[in-house]
Every structure is written in C-alpha cells, then in structure tokens.
Student: 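One structure follows; several queries about it will come next.
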Amino acid sequence: MVYHNLKALIKGIRSCKTVADERALIQQESAAIRASFREEDTFQRHNNIAKLLYIHMLGSPAHFGQIECLKLVASPRFSDKRLGYLGIMLLLDENQEVLTLVTNSLKNDMNHSNMYAVGLALCTFANIASEEMSRDLANEIEKLLGSSNTYIRKKAALCALRVVKKVPDIADHFIAKAKNLLTDRNHGVLLTAITLVTEMCQIEPSILDEFRSAVPLLVRNLKSLVTTGYSPEHDVSGITDPFLQVKILRLLRMLGKGDEQASETMNDILAQVATNTDSSKNVGNAILYETVLTVLEIEADTGLRVMAINILGKFLSNKDNNIRYVALNTLNKVVTMDTNAVQRHCNIILDCLRDGDISIRRRALELSYALINEQNVRILIRELLAFLEVADDEFKLGLTTQICLAAERFAPNKRWHIDTVLRVLKLAGNFVREEILSAFIRLVAHTPELQAYTASKLYLALKADISQESLTLAATWILGEYSEIVLQGGIVDEDNTTMITDKELVDLILSILDSPYANYLIRQFVLASITKIAARSTTSPAEQDRIAEVLAKFTTSPELELQQRAVEFASLFSLGDTRIGVLEQMPPPEIKATVMGVVSEKKPVGSTKAQEADLLGDEIISNPTPNNAQAAASAQSNQDLLAEIFGSSSATSVASSPPPQQRSTVDDILGLFGTSGNAPTPAPATPHPSAMPASYTSTPAAAFPPTQATPSPAPPAPQSKQLPAYTAYEKNDLKITLTPQTSPTKPGVVMILARFQVTSNQAASGISFQAAVPKTQQLQMLPMSNPVVTPGATETQQMRVVAPVGSNLRLRLRIGFSVAGQTFQDQVDFSGFPPGLTGTPS
C-alpha cells in the first residue's frame with residue numbers, strides 16, 4: 001500500500017501491531033519513495049521528502065533523499081524551500097561530499113528578496129557549514145551583518161560565529177561589523193553579537209584590544225537592563241533578560257582581565273548589579289554568580305572583591321545544594337587571593353562539614369584546610385577532629401594527613417602538637433600515612449621534656465584499644481624506646497601518677513602479638529620493642545628471660561623477615577654488656593619537614609621549606625651527625641636508586657671497586673658548599689623508605705646536606721654564566737625547562753634551575769619530579785617550590801650537578817603529575833645542554 005501524504009503514513013505506522021510489521025511497512029514505503037524519485041515526479045517530491053524525514057526520525061535509512069532535498073531548495077515556492085532546507089539539515093553534515101552542491105543554493109538564497117528565505121539559508125549554514133563552505137560564504141555573511149533587518153542580523157551573527165569557529169584566521173574580518181552590532185537596541189541581536197565577540201576573543205586573544213574600547217558601551221547596556229522597569233517581553237522571574245546580563249558579564253570578565261582602565265570603568269556597574277539583583281530567585285543567583293566571577297577575575301577594587309566573597313558566603317546559607325556547592329567550589333579558587341575575606345565565613349563553612357551531601361562535605365573540607373593559620377589553628381583543628389569521628393572512610397586518609405601537617409606547621413606549642421596527633425591516632429589510626437607516623441616519632445625524640453607524658457598517653461591508649469594500626473606502632477616503638485622513663489616515673493593520667501611494673505609493660509606489648517589486628521609490620525615492631533626493654537636497667541632478670549623465650553620462639557617463624565630479626569635479637573643476649581650499648585636509646589633522628597604530597601583535589605599539604613624549620617616551625621640550631629654506617633647506607637641507597645633508574649650499564653653500586661684516591665660522596669657534596677672534606681660537618685642522611693611516600697622513595701638525592709646557617713646553596717660568584725632555558729619536557733599540558741648556570745671559579749659544577757609551567761587553563765597537581773645522572777656524576781636537589789602549578793604561575797626546583805671537567809651532562813627524568821583528574825607518568829632522557837658546560841680539561 002502506498003501512502004500519498006505524511007498524515008496517512010503516520011497513521012499506517014501507528015496501526016502496526018509489531019515492530020516487524022512496522023519495519024516491513026517502512027521498507028515498503030521507502031522502496032515506493034525511491035521509485036518516485038527515479039520517475040522525477042515533481043508533484044510528489046514534497047510529500048515524499050516529508051515522509052522520508054519522518055522515516056529518518058524513526059531511525060531508518062533516508063540518505064537516498066539528499067539530492068531530492070537540493071532540488072526542493074531550488075524551487076521558487078517557499079514551502080518547498082523550507083522542507084528542502086530542513087531535509088538538508090537532517091540528512092547532511094559537514095563531512096558529506098554532497099555539501100559542495102549546497103553552497104550555490106545558500107549563496108543565492110542569502111541574496112533573496114524574502115527575508116524568511118534568507119533566514120532559512122542562514123539557519124542551514126549555521127548548522128552544517130564546513131570549513132570550505134565557511135570560506136566561500138564568509139563575504140556574504142559579513143554583508144548580511146550590516147542588514148537593516150533585525151531578523152537577518154541576528155541569524156547572520158550566529159552564522160559568523162560558525163565561521164569563526166571553523167576558520168579562526170578570518171575572524172578579524174568581522175571585527176568592524178561586530179562593533180556595530182554592540183550598539184543595537186534589539187535584545188536578540190545584542191545577545192548574538194556579544195556571543196560572537198566572546199568567541200572571537202577566546203580564539204584570538206589579540207582581538208581583545210580591539211574591543212576594550214567597547215567596555216563603556218557594554219556597561220551602558222548592562223546598566224539599562226539593571227535599572228529598567230518591568231518589561232513583559234524580556235522578563236524572567238522579575239528580572240529583565242537575565243540571559244543577556246550573563247553574556248555581558250562574561251564578556252566584561254574577559255575584557256577587564258589584566259587591564260586596569262577597563263576594570264575601573266566597570267567597577268561601579270558591577271557593584272550596582274551585586275546590590276540590586278534579587279537573590280531570592282534562582283535567576284538572580286545566576287547573575288550574582290557571574291558578577292562574582294567577573295569581580296574576582298578583573299583588576300577590581302579591594303572593597304568590591306570583599307563584597308563578591310560576601311555574596312559567596314551568602315550562597316552558603318542557601319537551601320539549594322547546587323548553589324552551596326558552587327559557592328564552596330568558587331571559594332576554594334579564591335581563598336589564596338583574599339584569605340581574610342574568606343575567613344569571615346569560617347563558621348558557615350564548618351557547618352557545611354555536617355551537610356548530608358557528600359560533595360558539599362568534600363568541598364567544605366578542602367576549603368577548611370586552606371583557612372588554617374596560626375590564629376585559628378586550635379579552633380579549626382578541633383572542628384576537623386570532630387568531623388574525623390563521624391567522617392566516611394574515604395575522607396579519613398586525607399583528613400588525618402591534613403590535620404597532622406597543619407599541626408606541624410602552625411602548632412602553638414609542642415604539647416598541643418603531640419596531643420593533636422595522639423587524638424588522630426586514637427580516632428583513625430588505620431588511616432595515617434607512614435610519613436606522618438615517622439614525623440610524630442621524630443617529634444617525640446626531639447622533645448625529651450614530653451617523652452614521659454607521651455609514653456603515658458600511649459600506654460593508656462594502647463591498653464584501651466589495640467585495633468588502630470598506627471596507634472599500636474607508635475605506642476610499641478615509644479614504650480620500647482623510653483620504657484625506663486615509664487617504669488621509673490609511672491603512668492601520668494591528668495594529676496594522678498600510677499606506678500607500673502616491668503611485667504605489666506611487657507604483658508601489654510606481648511598482648512599485641514595475640515591480637516587479630518597484629519600484622520607483619522606490627523610483629524616486627526613488637527620484637528624490636530621487647531628487645532629494647534630487655535636491655536634497660538629497670539627490667540628484672542625474670543622478664544629478660546621471658547623476652548628471650550619469646551624471641552627464641554620466633555627464630556623458627558615462617559615469615560623470613562620476622563625470623564631474621566628474632567635470630568639477630570636473640571643473639572644479642574649472648575653479648576653481655578655489649579648488648580646494652582647496642583640497644584641504648586637511639587639519638588634523635590635528623591629533623592626535616594614532612595615530605596609534601598597531595599591528598600585531595602588540587603590541595604597541597606605539608607611544609608614547603610624542607611630544612612629551614614623543624615616540625616613545629618622552630619629554627620634548627622644544630623643537626624646530629626650520623627655515624628659512618630648510616631652514611632655508608634645512605635650512599636649505598638643512592639647508588640642503588642641510580643642503578644634502578646639508569647640500569648646496570650649506567651650506574652653501579654658503591655660496592656664496586658673505586659680508585660684508590662677517590663673522594664667520598666660526602667666529601668664531594670661538602671666541597672660544593674665550600675667546606676673541607678676533613679671538617680666534622682654532618683653528612684646527608686637518606687630517610688628510610690618507610691618514612692617517605694612511594695613517589696619519593698626512588699629520588700636519587702632527597703635534598704641538599706644541612707648546613708649550620710641556611711639550607712640553600714651559596715650564591716654564585718659574580719662571574720657566573722647563565723645560559724638560555726632548554727625545554728626538557730612539554731607534554732600533557734605541562735612544560736619543564738632547565739636553565740644551567742656555571743662559574744669559571746668552579747669548573748665541573750653546574751647549577752640547574754628547573755621551571756614548571758602549565759600550557760592550558762588546567763592546574764597540574766601532585767607533581768613528582770625525579771632526576772638521575774650517570775655514575776661519573778653527582779646530583780643534589782632542593783625541594784620543589786610547590787607541587788601544584790596553576791595557570792600563569794611558574795614553580796621552580798634547584799639542582800646541582802658535579803661532573804668531571806669536560807664531560808657532557810646527561811639527565812634521566814621521571815615526571816608524575818595529575819591534570820583534570822587524569823594521572824600521567826613519564827620518563828625522558830635529556831642531553832640537550834651544550835658541550836663544554838663543565839669546563840675545558842687542562
């Protein structure tokens with residue numbers, strides 16, 4: 001059955017009982033339409049195309065009607081043109097070869113006397129124009145931008161937008177006409193004109209200067225929208241044309257960025273919009289949000305910025321979760337711009353931590369981290385600890401890290417710092433990173449006046465709960481190391497002191513072995529702890545024998561590491577007084593700042609000055625001198641890491657036979673700082689891998705060796721030679737350049753400054769930058785200035801390479817970072833420095 005019009009076809013398809021019947025009917029009708037096309041039935045062409053478009057909407061093939069659509073477009077009848085252009089928009093796209101046949105029809109209809117025919121051509125062009133078609137018809141579009149008909153000007157502006165996107169290099173052709181459109185009084189034309197100008201400015205930043213002169217005009221248009229009375233034609237919830245207001249604000253944001261004069265022109269109107277816009281409706285909130293973004297982006301007055309942040313603070317009290325989320329997200333971006341203004345809304349930000357929406361809690365948590373300073377550290381840490389008690393497990397790792405690092409940087413005193421970390425260990429000991437635990441143990445070791453207090457607290461906490469891993473590890477270590485203090489002074493609980501026996505202490509520690517929470521690492525800590533206790537003078541012979549039995553039992557443990565430790569510890573019991581010397585209290589480890597890391601989205605944590613301050617921000621007076629064994633272990637570790645990165649052919653272990661007169665690594669490093677190798681200056685110590693995050697354990701040189709005055713290297717001599725920057729890495733939106741600097745007075749020594757920049761508008765976070773050199777060279781690195789690189793910012797990291805005079809520098813770099821939630825890991829070899837950088841051999 002052949003259906004003569006669209007209405008009959010729709011009725012026939014709807015009467016089908018099954019999908020198979022419908023498919024059969026469509027196939028039959030498609031065959032009839034193809035036959036009609038072959039017969040060149042002009043009268044039926046209109047009906048056939050209408051039916052074909054309906055078949056296309058149902059998902060069946062209809063591409064065979066493309067040429068027939070072109071024939072309809074060539075018809076003088078408006079109804080045929082309308083249906084033909086509709087068919088072209090539905091059945092063609094910019095990749096079809098048939099599209100070249102449409103260009104001439106579009107050009108003819110753009111010059112048509114009927115404005116609606118012109119509108120059809122413009123609408124079709126804006127939907128399907130390819131790059132080639134855009135170039136061919138750009139002049140026609142430019143001409144129509146100056147039409148006296150507002151209907152045509154509006155559609156021509158949208159077509160110009162398509163041209164600019166497809167062919168950016170001819171965007172400057174539309175500048176003059178776009179400026180004229182900005183003076184149009186018709187809202188539709190003005191809206192499309194501003195959209196066109198915004199796109200042009202985004203594609204070609206040089207065009208910004210052309211339109212900065214139009215800022216007063218845009219301000220005048222925005223002012224008329226804000227001050228005009230009720231306009232039924234453009235009213236949305238009592239606000240006049242909010243869509244146009246938002247477009248103007250976005251364009252002003254682009255024009256005012258980095259331009260003080262343009263920003264000054266728009267300051268007053270922005271304040272007027274911020275104060276006069278009704279915030280009770282969602283439409284008003286949209287305009288206020290755009291106003292805030294504009295104020296924060298341009299060179300605005302301080303008072304205007306404070307007002308913008310206050311608007312965001314008002315958003316936080318809104319009942320709509322979307323508005324609160326947007327406010328928190330924006331405050332996270334501007335908190336570094338004006339921290340004091342954001343601090344005024346601290347209470348309501350903390351209230352968001354108790355919100356039912358997990359996204360809002362996450363954003364409020366990140367903002368809370370950024371607000372911590374010396375003045376409010378007690379209040380905010382107390383709130384974060386309260387949140388830690390009820391937080392989901394996914395928050396706890398980052399939360400414990402941030403709390404401990406904030407305490408490390410801003411603690412008012414060491415007692416408060418220790419209490420804070422103890423509280424974290426009690427609440428979420430299973431979610432504490434290893435470097436945080438390591439920093440806590442170093443803090444206790446450097447605070448002898450609080451060792452008894454800390455050991456007492458840990459004893460009571462361990463007695464109450466042994467399910468928290470980090471709490472168990474900290475308590476086991478400290479009770480073993482300082483058991484003599486505990487047994488002599490007793491357990492101090494507030495104002496009460498309770499004496500305990502060595503049996504009670506040993507019973508508590510050995511009870512950990514029978515706990516279901518005891519893992520491989522905890523059992524190792526327990527063996528080390530009881531061995532330490534056995535060497536103390538306060539431990540009775542009976543308990544020493546008991547500890548020896550426990551160690552003997554573990555000498556047959558199936559766990560190799562545990563068995564080896566037990567054998568070594570048990571053998572110490574046969575050494576007599578030597579055992580006491582071996583197991584005496586360890587000297588306080590070298591103070592260093594906690595290694596920086598990233599535990600939440602785009603938020604750096606930890607200290608940024610690796611050796612300028614201790615765990616509490618106090619200046620370092622002196623550094624302990626590591627013994628020879630530690631120095632050898634450090635050198636061995638560094639050589640092993642070099643071998644791992646370069647492979648056995650490029651780097652060897654320190655155990656390989658060196659030349660008889662070769663200087664030690666320590667002497668070479670000290671020589672860089674002008675210190676004699678014979679002077680008893682402390683050598684650099686490599687932290688144990690367990691005290692560093694995984695991304696840092698393979699760094700060949702963790703930091704410069706400490707000096708007595710300052711950790712930074714000595715300034716270069718006036719004769720130093722600085723060379724151009726060489727690009728070592730440019731990929732995945734991150735660019736790293738290396739700038740070498742040499743000095744004639746120090747041949748073989750090259751200072752290298754690494755600069756990190758992002759090449760997009762996305763920040764790069766969690767940057768891990770590692771470097772290695774061949775075995776004939778030596779490398780030291782300072783910490784990176786900031787592991788988060790924001791757009792427009794440049795972060796740096798200093799390196800120093802010592803190489804044989806006349807040799808060429810070669811680096812192997814490992815780079816890890818995240819951009820927009822995507823993590824990248826790369827390794828590159830760099831040998832782009834010019835030859836002769838290390839000097840000329842004599």
Side-chain angles (χ1 to χ4, degrees), residues 437-438 441-442 444-446 448 451-452 454-456 458-459 462 472-491 499-514 518 520-590 624-634 636 685 688 690-691:
L437 181 61
S438 175
I441 292 174
R442 288 199 303 271
V444 176
H446 279 272
Q451 287 171 354
T454 308
S456 299
L458 286 171
Y459 178 88
L462 187 60
T472 304
L473 292 174
T476 304
W477 176 272
I478 289 174
L479 289 175
E481 194 70 26
Y482 307 113
S483 59
E484 199 166 13
I485 298 175
V486 174
L487 295 175
Q488 289 177 348
I491 301 300
M499 302 303 296
I500 62 170
T501 63
D502 55 351
K503 183 178 184 305
E504 291 176 308
L505 180 59
V506 174
D507 284 344
L508 176 62
I509 295 178
L510 290 181
S511 67
I512 299 172
L513 294 174
D514 302 325
Y520 184 64
L521 181 62
I522 289 177
R523 287 195 289 272
Q524 293 182 44
F525 270 59
V526 168
L527 293 188
S529 178
I530 59 176
T531 306
K532 286 270 190 173
I533 293 174
R536 302 293 183 256
S537 60
T538 51
T539 308
S540 63
E543 292 305 317
Q544 294 184 13
D545 294 341
R546 180 184 173 194
I547 292 171
E549 292 176 6
V550 173
L551 293 174
K553 182 175 70 173
F554 278 94
T555 56
T556 58
S557 172
E559 295 175 286
L560 184 60
E561 181 70 20
L562 209 58
Q563 180 190 106
Q564 181 177 345
R565 291 198 177 200
V567 170
E568 292 170 350
F569 291 157
S571 64
L572 289 175
F573 278 74
S574 62
L575 299 181
D577 293 340
T578 306
R579 179 189 65 172
I580 299 174
V582 171
L583 298 174
E584 66 182 5
Q585 283 189 16
M586 292 179 64
E590 178 187 355
T625 303
N627 55 34
N628 294 335
Q630 290 173 324
S634 172
Q636 178 68 46
H688 192 278
S690 65

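This structure is a prediction, so every number in the text was calculated from the model and none was measured. Heads up: numbering here begins at 1 and tracks the sequence.
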Student: After noting the C-alpha distance and the side-chain angles of Val486 and Ser456, does the key distance pass the side chain to side chain contact (heavy atoms under 4.5 Å, CB included) rule?
Tutor: CA-CA 7 Å; Val486 174; Ser456 299; 5.5 Å; no
Student: Roughly how far apart are Ile509 CD1 and Leu479 CG, rounded to 0.5 Å?
Tutor: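 Here the rounded value is 5.0 Å.
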Student: Should Glu559 and Arg523 count as an ion pair when the cut-off is N to O under 4.0 Å?
Tutor: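 Yes, this pair counts.
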Student: Would you indicate whether the side-chain heavy atoms of Ser483 and Lys532 approach each other to under 4.5 Å?
Tutor: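 Lys532 vs Ser483: side chains apart.
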Student: Less than 4.0 Å between a side-chain N and a carboxylate O, is that true for Asp507 and Arg546?
Tutor: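 Yes.
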Student: Within the distance-only criterion (no hydrogens, no angle test), does the side chain of Thr454 pair as donor or acceptor with the backbone N or O of Gln451 below 3.5 angstrom?
Tutor: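 Not a single qualifying donor-acceptor pair exists.
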Student: Under the side chain to side chain contact (heavy atoms under 4.5 Å, CB included) rule, what do Tyr482 and Val444 come out as? Steps first, then yes or no, please.
Tutor: CA-CA 10 Å; Tyr482 307 113; Val444 176; 4.1 Å; yes
Student: Applying side chain to side chain contact (heavy atoms under 4.5 Å, CB included), run through Arg536 and Gln585 and close with a yes or a no.
Tutor: CA-CA 9 Å; Arg536 302 293 183 256; Gln585 283 189 16; 3.9 Å; yes
Student: Any Lys/Arg nitrogen of Lys503 or Glu543 sitting under 4.0 Å from an Asp/Glu carboxylate oxygen of the other?
Tutor: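 Salt bridge: no.
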Student: Should Leu473 and Trp477 count as side-chain neighbours, where that means a heavy-atom distance under 4.5 Å?
Tutor: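 Leu473 vs Trp477: side chains apart.
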Student: Could you list the residues that satisfy salt bridge (Lys or Arg N to Asp or Glu O under 4.0 Å) with Arg579, not counting sequence neighbours?
Tutor: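 Arg579 satisfies salt bridge (Lys or Arg N to Asp or Glu O under 4.0 Å) with no other residue.
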Student: Listed by chain and number, what are the side chain to side chain donor-acceptor pair (under 3.5 Å) partners of Lys553, not counting sequence neighbours?
Tutor: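 Expected list: none.
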Student: For the residue pair Val550 and Val526, establish whether any side-chain heavy-atom pair is separated by less than 4.5 Å.
Tutor: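 Val550 does not reach Val526 side chain to side chain.
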Student: Would you say Ser529's side chain and Thr476's backbone share a donor-acceptor pair under 3.5 angstrom?
Tutor: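 Yes, Ser529 side chain to Thr476 backbone: donor-acceptor pair under 3.5 Å.
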Student: For side chain to side chain contact (heavy atoms under 4.5 Å, CB included), just list the numbers for Phe573 and Leu551, CA-CA rounded to whole Å, side-chain angles, deciding distance to a tenth of an Å, and then say yes or no.
Tutor: CA-CA 10 Å; Phe573 278 74; Leu551 293 174; 3.4 Å; yes
Student: Are the side chain of Gln563 and the backbone of Ser557 linked by a donor-acceptor contact shorter than 3.5 Å?
Tutor: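 Between the backbone of Ser557 and the side chain of Gln563 there is a qualifying donor-acceptor contact (under 3.5 Å).
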Student: Output the distance between atom CZ (Arg565) and atom CD (Gln524), rounded to the nearest 0.5 Å.
Tutor: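 The CD atom of Gln524 is 4.0 Å from CZ of Arg565, to the nearest 0.5 Å.
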Student: Any donor-acceptor pair under 3.5 Å linking the side chain of His446 with the backbone of Ile441?
Tutor: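 Answer holds: no.
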Student: Does a side-chain heavy-atom distance below 4.5 Å link Leu505 with Tyr459?
Tutor: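 Side-chain contact under 4.5 Å: yes.
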Student: Taking Leu487's backbone N and O only, do any of them form a donor-acceptor pair with Thr538's side chain (distance below 3.5 Å, no angle check)?
Tutor: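 Side chain of Thr538 to backbone of Leu487: no pair is present.
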Student: Asp502 vs Ser540, test: side chain to side chain donor-acceptor pair (under 3.5 Å). Steps then yes/no.
Tutor: CA-CA 7 Å; Asp502 55 351; Ser540 63; 2.8 Å; yes
Student: For a 4.5 angstrom cut-off between non-hydrogen side-chain atoms, does Phe569 reach Ile547?
Tutor: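 The answer is no, as the side chains (C-beta and beyond) never meet within the 4.5 Å cut-off.
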